[in-house]
There are 2 protein chains.
Amino acid sequence: MALSEPFIKNHDCADCPIRHRAVCARCETDELRELEEMKFYRTFEAGQTVIWSGDRMDFVASVVEGIATLSQTMEDGRTQMVGLLLPSDFVGRPGREIAAYDVIATTTLTMCCFRKKPFEEMMAHTPHIGQRLLEMTLDELDAAREWMLLLGRKTAREKIASLLAIIARRDASLKLATTRRKIVFDLPLTREAMADYLGLTLETVSRQISALKRDGVIVLEGKRHVTVPDFDRLLGETGDDADGGLPT
Amino acid sequence: MALSEPFIKNHDCADCPIRHRAVCARCETDELRELEEMKFYRTFEAGQTVIWSGDRMDFVASVVEGIATLSQTMEDGRTQMVGLLLPSDFVGRPGREIAAYDVIATTTLTMCCFRKKPFEEMMAHTPHIGQRLLEMTLDELDAAREWMLLLGRKTAREKIASLLAIIARRDASLKLATTRRKIVFDLPLTREAMADYLGLTLETVSRQISALKRDGVIVLEGKRHVTVPDFDRLLGETGDDADGGLPT
DNA sequence: TCGCAACCTTGATCGAAGTCAAAACACCGG
DNA sequence: CCGGTGTTTTGACTTCGATCAAGGTTGCGA
């Protein structure tokens, strides 16, 4: 959900097995080395739970590869996704002991982790890192509030269109800025996960996707592969104003 | 929405007309003085707009007295509140030029403001302040996500009960922790504002409040003065687990 | 005191999304 | 190729909250 540059960036580095290095864009090399030395990697299978809400969480991390969801569940089983973690997104809450949400790997997931304690110590004497984190948290807050508008006021069709637009944009930004042209991507979520994200049931999600397909807003190949022939047309279905306004 | 201590605290100070001083709990006196010198106050009438979404916003602020709302509006007029600002809450986004939401005074409102530029400069050489701000932003993020669960998955009755519980708690915490006993407070919002917060219509809000009254969960005197005879009973209506789990 | 304007409540009706149920599809291992 | 499991689609029906439409309160200024 990051508007601004990621906390951690990919790079080309022969000795770095997953082409990934701890990089704060504004930091000096010494700090880089410090971060570099304390990092470690963890991977999870699709469907595995990274952490349960309420558990002690002694690390912070950055998503390297794959997708994870943040969600909350009520006792009776109703669940709501409160965030979608894509590569370069940050997970964890400096200064907090306990995880507030379930983090679940949707696909095979690789995260670049830092033990919380040393990370926090480093933050304390490296203002840039804290500032970077504050910016990213503000971005997440914006995204969460944008989502509140979606959950509280949008119709099912608008919700679906908004989700597709966000995923398309997020996906496209990694490849090429292709606004106003054909966009192709794969849905990283099941219908059920989409429903949990959008505050709908999976049946409604399915029906609305069928409707968008019927109306020619999207083209489906299989269940997951989506082609958007006219991205502006899709944006028009989101209910947002011309520019789309959505962060990410 | 702050779980942790407010960025700015009230205190007793004869030369401070509204008994309010810039205080970062962790800061040294020099920093205090610096903040102290750059602060200024602004007041707004009930109903006045503090700032429009999209406007340049060259200050950050802390609410001293009164209540304001953060909201987003779609072109066709649907609006969703994304935050409620009560005394001690922080407004503004260091590092951001433009306001992302409409900020509207619900009651007469007094804010303690700091020009953004000098405030940011101060942040740059005072890690404590940035850290404090990060913590507060994380709290807001938690609150926003809690609200996503409410908007996406709760019934109208649960939504109303949750809102009442939050206002009651917030209000009570300023006076006395009175969990599990009778709680009395005034609703600071019109039915319409509640509807915009909860993603409902004002008619539904009205009906559900009537229903809670009929069921004895709350007692109303006039339209705004609420008595909760049994706070746990109210919590039971929110759909949250035993403890209520809600931030704030 | 009246009249007006907010604000709130209540009723009747409607419709979007939820629920329940069945069937289609896809993918996998044997 | 088959049966099985998990995902997705589609249909029939229900329901919660929205919409439309009166009325009721309250407070204020003339």
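Chain naming here is simple, since letters A, B, ... match the order of the sequence lines and numbering starts at 1 in each. No experiment lies behind these values; they were computed from the predicted model shown.
A:Leu220 places its CG atom 10 Å from the P atom of D:dT10, with the value rounded to the nearest Å. The nearest whole Å value for the distance from the CD atom in B:Gln208 to the P atom in C:dT9 is 12 Å. To the nearest angstrom, P of D:dT9 lies 10 Å from CZ of A:Arg224. The interatomic distance linking B:Arg153 (CZ) with D:dG17 (P) rounds to 14 Å, in whole Å. Here D:dG17 presents its C1' atom at 18 Å from NZ of B:Lys154, a figure rounded to the nearest Å. Atom pair A:Asp196:CG and C:dG18:P shows a separation of 11 Å (rounding to whole Å applied). In this structure, CD of A:Glu221 is placed 17 Å from P of D:dT8, rounded to the nearest angstrom. Following rounding to the nearest Å, B:Leu189 (CG) and C:dC7 (P) show an atom-to-atom distance of 12 Å.
The neighbour count for A:Gln48 CD, taken as heavy atoms of other residues, nucleotides or ligands under 6.0 Å away, is above 12. For B:Glu192, the CD atom is loosely surrounded, since the number of other residues' heavy atoms within 6.0 Å does not exceed 12.
We find that B:Glu140 and B:Arg145 are not joined by a salt bridge, their nearest charged nitrogen and carboxylate oxygen being 4.0 Å or further apart.
For B:Ser206, counting side-chain heavy atoms from C-beta on, the closest listed nucleotide (D:dT19, D:dT8, C:dC8) is C:dC8. Proximity note for A:Thr204 (side chain, C-beta onward) versus C:dT10, C:dA17, C:dT19: the nearest is C:dA17. Minimum atom distance to the side chain of A:Leu200 is reached by C:dG18, of the listed C:dA12, C:dG18, D:dG17. You'll find that the side chain of A:Thr155 is closest to C:dA17, out of D:dG17, C:dG18, C:dA17. If you check D:dG17, C:dT9, C:dA21 against the side chain of B:Ala156, the one that comes closest is D:dG17. For B:Glu203, whose side chain is taken as the heavy atoms from C-beta onward, the closest listed nucleotide among C:dT10, D:dT10, C:dC8 is C:dT10. Closest to the side chain of A:Arg207, from the set D:dA12, D:dT8, C:dT10, is D:dA12.
Where B:Thr201 and B:Lys223 each meet DNA chain D at their nearest nucleotide, the meeting point lying more 5' is that of B:Thr201. Across the interface with DNA chain C, nearest-nucleotide mapping of A:Arg157 and A:Gly222 shows A:Arg157 to be the residue nearer the 5′ end.
Among the heavy atoms of the strands, none lies under 4.0 Å from B:Gly47. At a threshold of 4.0 angstrom between heavy atoms, the contacts of B:Ile209 with the nucleic acid are absent.
Judged by distance alone, the side chain of B:Thr49 and the main-chain N or O of B:Ile104 form no donor-acceptor pair under 3.5 Å. With hydrogens and angles disregarded, a donor-acceptor distance shorter than 3.5 Å links the side chain of A:Ser210 to the backbone of A:Ser206.
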